[in-house]
Protein chains: 2
Amino acid sequence: MADRVTIVDVAARAGVAISSVSSALNGRPGVSEATRARIVKAADELGFVPSLRGRSLSGKKAFAVGLVVHRDPDVLELDPFFASFIGGIESHIDGPGFALVLQIGSDPGEMLDRYRRLAADNRVDGVFLSELETDDPRVPLVRELGLPAVGINAEPGFSMPVVRQDHEAGIRALVSHLVDGGHTRIAFVGGPRHFIHSAQRERAWRDAVESHGLTPGRFVEGGFTYAGGADAADTLLSGGERPTAVLCANDLSAIGFMSEAAHLGFEVPRDISVAGYDGIQLGAYVHPALTTITTSPRRLGFEAARMLLELIDGRRVPDTVIEPAELLVRASTGPVSD
Amino acid sequence: MADRVTIVDVAARAGVAISSVSSALNGRPGVSEATRARIVKAADELGFVPSLRGRSLSGKKAFAVGLVVHRDPDVLELDPFFASFIGGIESHIDGPGFALVLQIGSDPGEMLDRYRRLAADNRVDGVFLSELETDDPRVPLVRELGLPAVGINAEPGFSMPVVRQDHEAGIRALVSHLVDGGHTRIAFVGGPRHFIHSAQRERAWRDAVESHGLTPGRFVEGGFTYAGGADAADTLLSGGERPTAVLCANDLSAIGFMSEAAHLGFEVPRDISVAGYDGIQLGAYVHPALTTITTSPRRLGFEAARMLLELIDGRRVPDTVIEPAELLVRASTGPVSD
DNA sequence: TTGAAAGCGCTACCAA
DNA sequence: TTGGTAGCGCTTTCAA
């Protein structure tokens, strides 16, 4: 490995001072066009790449952003969100030369410490807060740490900049689709209620059903997992008043629900319509193909990154709303048959 | 945010030179016990956290390792490997104060550039190379860049340190289990052949089947995906000589295979036994529960991290072999019935 | 417009 | 055993 080319080498080659090189290469004023051109040429010839470390040390920036995923790897295994979300983040931060520091952990206590260490080490210039919970302790923490942060899918009026994808329209469209099909008993398989996005979906379901003059059906917690969805099927399909349709808070629990329903001898959608939320690939392949509401994690990641980099630059950023999640009707929902 | 506490502050408080502080806090010799104690006390009282940047700049280390996932986020969506693998990496690097820089990308050309940039920026001190392919261009690249690297599941005798989990024993056990059940036509649904781990599994299947004096059944490419597994079912179950058992190169394609088989009117395992490879959670919940070979991505991550940090420290490390992948018999395989 | 020099926070070397 | 100091590579201020 050849010795690293430094700003000193460039300055020497261009016959100028290093400060001029710095100014020229960073597009700062105070350098004549001729000099700038000469410096750029020298830098090119030498293959100069500014040292991140030098820049960090003097500029007090890490040129990195952090994402702490608070989730057990086993549960994460089937999660459709993060891979795309991270892809979206990177598609934005790459240009400005930022990198993503990722941490995965399941211990709740330790999680806050991870943010503390990221901040103490100046490892990152800002963080993303996803899977927000009500009274999420990370919110006061990042504030205390002075760590720029962007929240994902929090409520409007949240105490930090937020990027959000509207869920209500999609759920409303789904419920309308079901009501149009003659459904009156529409149940809900929710995620853990302490998650904001979980609660949001439940509320949207209630509101949408009520807006049609109906009473919301039964609610069962499905924990966002395949097994939880299957358990919910056991519960909802055994009891007396069976729903004719069920909306699950995510696709994975909907697929678990369908599988268990089939196992119990019910046919989807003839005996019960099932819908999910997320729009994961798998939903297109299961039998019957899953009706769902398609979200845009990649887009959320991209916008979150854009906002975070602006925050880091010291600018104020308004909340961002991306295109709403959309209803995608496939084969797992249909009209009531009796 | 209060001003950062620096080594200068600690030195002032302890009434010593900063060089002594550095030595004392880094456990280097040349400091008396009394002085060391005084310095530690001062550092504690001040809440001193050494600046990563300062250390990086002067020590020429980034205190970070990199993982570039070369995969389309949509495909990654259901991948069981990376979340656990990353969890394993972190459980080791946390202590030494390293962080993980993650990049996800699907563009093959761009991927090599990512490694180049990670190296040029000195963003990381080393990288993990997973999902190795035959003649993988990353291998010469990291060598050229002088970037320490650890390979995951490559062949013995690979040109860089490797951590490996034996797959042969598990596949042999599975094939024995099938042969014991009277199966003679055992097909294989493979992953893309350019992947080393994919080719390994295929070869192990061939060897195991032949070791029982049988001829390997048909081979179909399932692309490691649910849809690919389903397509493979279409192919294998329609033709004349149907296999009585099929081994899929990963669980996801096995689950797709089972789903499509059911859809085509076949019952698993009565009409055909199906087995996967990986041991993902989902396999426990599908109907029938999937027989599979359980791998240890978390353990691979942990060992890979340990090796990489040693490499970074300039030590030579021998290849590591973790406990072999194990056969887990569930309900999707059974004796031949006719 | 240009250049010199002072940091940024740390490590490591060399003298005292 | 201690302390002083020269880097590490850059940004930024201040003179020239």
J.: Specify the separation, in whole Å, of atom NZ of B:Lys61 and atom C1' of C:dT11.
T.: 12 Å
J.: Could you tell me if A:Thr320 and A:Arg306 have a donor-acceptor pair between their side chains, going purely by distance under 3.5 Å?
T.: yes
J.: May I ask you to say what B:Thr35 touches in the nucleic acid, namely base, sugar-phosphate or nothing, with a heavy-atom cut-off under 4.0 Å?
T.: sugar-phosphate
J.: Tell me which pairs pass ring pair (Phe, Tyr, Trp, His ring centres under 6.0 Å) where either residue lies in residues 27-63 of chain B, with sequence neighbours left out.
T.: B:Phe63-B:Phe98
J.: Rounded off to whole Å, could you give me the CZ-to-P distance for the A:Arg55 and D:dT12 pair?
T.: 10 Å
J.: Rounded off to whole Å, could you give me the CG-to-P distance for the A:Asn26 and D:dT13 pair?
T.: 13 Å
J.: B:Asp121 has an atom CG; how far is it from atom C1' of D:dC8, in whole Å?
T.: 17 Å
J.: Using a 4.0 Å heavy-atom cut-off across all strands, classify B:Arg53 as base, sugar-phosphate, or nothing.
T.: nothing
J.: Can you tell me how the ring of B:Phe195 sits relative to the ring of B:His197, calling it parallel under 30°, perpendicular over 60° and tilted otherwise?
T.: tilted
J.: Can you check whether B:Ser32 has a side-chain N or O nearer than 4.0 Å to OP1 or OP2 of D:dT2?
T.: yes
J.: Would you check if there is a donor-acceptor pair between the side chains of A:Arg28 and A:Ser22 at a distance under 3.5 Å?
T.: yes
J.: Rounded to whole angstroms, how far apart are CZ on B:Phe63 and C1' on C:dT11?
T.: 10 Å
J.: Closest to the B:Arg28 side chain: C:dA12, C:dT2, D:dT11?
T.: C:dA12
J.: State which of C:dC10, C:dG7, D:dG3 makes the closest approach to the side chain of A:Ser58.
T.: C:dG7
J.: What integer distance in Å separates B:Ile39:CD1 from D:dT1:C1'?
T.: 11 Å
J.: Within the pair A:Ser22 and D:dT11, is there a side-chain N or O less than 4.0 Å away from OP1 or OP2?
T.: yes
J.: What do the steps show when you test A:Ser32 against A:Thr35 for side chain to side chain donor-acceptor pair (under 3.5 Å), and what is the final call?
T.: CA-CA 5 Å; A:Ser32 70; A:Thr35 321; 2.4 Å; yes
J.: Are any of A:Lys60's side-chain N or O atoms less than 4.0 Å away from OP1 or OP2 of C:dG9?
T.: yes
J.: What integer distance in Å separates A:Asp9:CG from D:dC8:C1'?
T.: 13 Å
J.: Between B:Ile18 and A:Gly30, which is nearer to the 5' end of DNA chain C once each is assigned its nearest nucleotide?
T.: A:Gly30
J.: More 5' along DNA chain D: B:Val31 or B:Gly54, using each one's nearest nucleotide?
T.: B:Val31
J.: Rounded to whole angstroms, how far apart are CG on A:Leu57 and P on D:dC10?
T.: 11 Å
J.: Could you check whether A:Val16 gets within reach of a base, just the sugar-phosphate, or nothing at all, counting any heavy atom under 4.0 Å?
T.: sugar-phosphate
J.: Which nucleotide wins on minimum distance to the side chain of A:Ser51, given the candidates C:dT11, C:dC10, D:dG9?
T.: D:dG9
